[in-house]
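Throughout, numbering of the chain's residues begins at 1 and tracks the sequence.
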Amino acid sequence: MDLTLAAELDEVNTNFAAAIKGLEAALRKDAPDLPDLGKRRSQLARLAGQRLRFLTGRLVPVLDAGPTAAHVAAARALEERLRALFGESTRHIGDWSSARISSDWPGYVAATRGMIARVEAFLAAERREVYPLLGTVRRAA
């Protein structure tokens, strides 16, 4: 196995988490700063797409070819949860136009915080379930 896979995953996740923190900072404002919010949303969407491509193109295939059934099961579960979360995120972005954000800032803040909580729960599960398997694959390679 490519020994840098875990490091690459860390880098992707670090960049993604930083973008989430930036969005959270924007949510703490009393009113929306639409230009700033637009930049933050675009950056987060771009990084989410990059993350999706990395996980489905690099990580899932490595797990799917792993030495045990647990690796294969983790690969399938990760891909399924990732696609569901990405779909939910895409719907969230589509549902909240700039006009709607302006007219319902508290609603946007609440909805976005809920979306962030689901993303963070996914990342925590990934750390618990996937990182240990990467070590197993590395040792078995």
*Indicate, with yes or no, if V119 and I93 share a hydrophobic cluster defined by side-chain heavy-atom contacts under 4.5 Å among Ile, Leu, Val, Met, Phe, Trp and Tyr.*
no
_Common cluster, L52/I116, ILVMFWY with side-chain heavy-atom separation under 4.5 Å_ = yes
*Stepwise, does the side chain to side chain contact (heavy atoms under 4.5 Å, CB included) test hold for L78 with T56?*
CA-CA 9 Å; L78 175 66; T56 59; over 6 Å; no
Determine the minimum heavy-atom distance between [X] and [Y], stating which atoms define it.
{"X": "V109", "Y": "L27", "result": "CG2-O, 3.9 Å"}
{"X": "D36", "Y": "K29", "result": "OD2-NZ, 3.5 Å"}
{"X": "L133", "Y": "A74", "result": "CD1-CB, 3.3 Å"}
{"X": "N15", "Y": "L47", "result": "O-CD1, 3.5 Å"}
{"X": "R76", "Y": "D64", "result": "NH2-OD1, 3.0 Å"}

*Quick one: are L9 and L55 in side-chain contact, heavy atoms under 4.5 Å?*
yes
_Are V12 and E8 packed together at the side-chain level, in the sense that at least one heavy-atom pair is separated by less than 4.5 angstrom?_
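No - every pair of side-chain heavy atoms lies 4.5 Å or more apart.
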*Residues F54, L5; criterion side chain to side chain contact (heavy atoms under 4.5 Å, CB included); working and verdict*: CA-CA 10 Å; F54 174 78; L5 189 61; 3.6 Å; yes
*Salt bridge flag under 4.0 Å for residues E79 and R83*: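 The answer is yes: the pair qualifies as a salt bridge.
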*Can we say R81 and E129 salt-bridge, meaning some charged N sits less than 4.0 Å from an Asp/Glu carboxylate O?*
yes
_Please determine whether side chain to side chain contact (heavy atoms under 4.5 Å, CB included) holds for the pair V72 and L63, giving the CA-CA distance in whole Å, both sets of side-chain angles, and the decisive distance to 0.1 Å._
CA-CA 6 Å; V72 175; L63 290 174; over 6 Å; no
*side chain to side chain donor-acceptor pair (under 3.5 Å) against D10, all qualifying residues, sequence neighbours excluded*: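 Result, side chain to side chain donor-acceptor pair (under 3.5 Å) vs D10: Y131.
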*Tell me, yes or no, whether the heavy-atom count around E11 atom CD, taken from other residues, nucleotides or ligands under 6.0 Å, exceeds 12.*
no
Which distance, rounded to the nearest 0.5 Å, do you find between the [atom1] of [X] and the [atom2] of [Y]?
{"X": "L23", "Y": "K39", "atom1": "CG", "atom2": "NZ", "answer": "13.5 Å"}
{"X": "Y108", "Y": "I101", "atom1": "OH", "atom2": "CD1", "answer": "4.5 Å"}
{"X": "L44", "Y": "M115", "atom1": "CG", "atom2": "CE", "answer": "9.5 Å"}

*Pairs in or reaching into residues 44-55: which pass salt bridge (charged side-chain N to carboxylate O under 4.0 Å, His left out), with residues at least two apart or in two chains?*
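As it turns out, the salt bridge (charged side-chain N to carboxylate O under 4.0 Å, His left out) pairs with a partner in residues 44-55, which skip direct neighbours, are R51-E126.
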*Using the side chain to side chain donor-acceptor pair (under 3.5 Å) rule, collect all pairs that involve residues 87-107, keeping only residues at least two apart or in two chains.*
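As it turns out, the side chain to side chain donor-acceptor pair (under 3.5 Å) pairs with a partner in residues 87-107, which skip direct neighbours, are E88-R118, H92-T112.
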*When you look at L134 and L59, which way does the side chain to side chain contact (heavy atoms under 4.5 Å, CB included) test go after all the steps?*
CA-CA 9 Å; L134 288 178; L59 184 62; 3.5 Å; yes
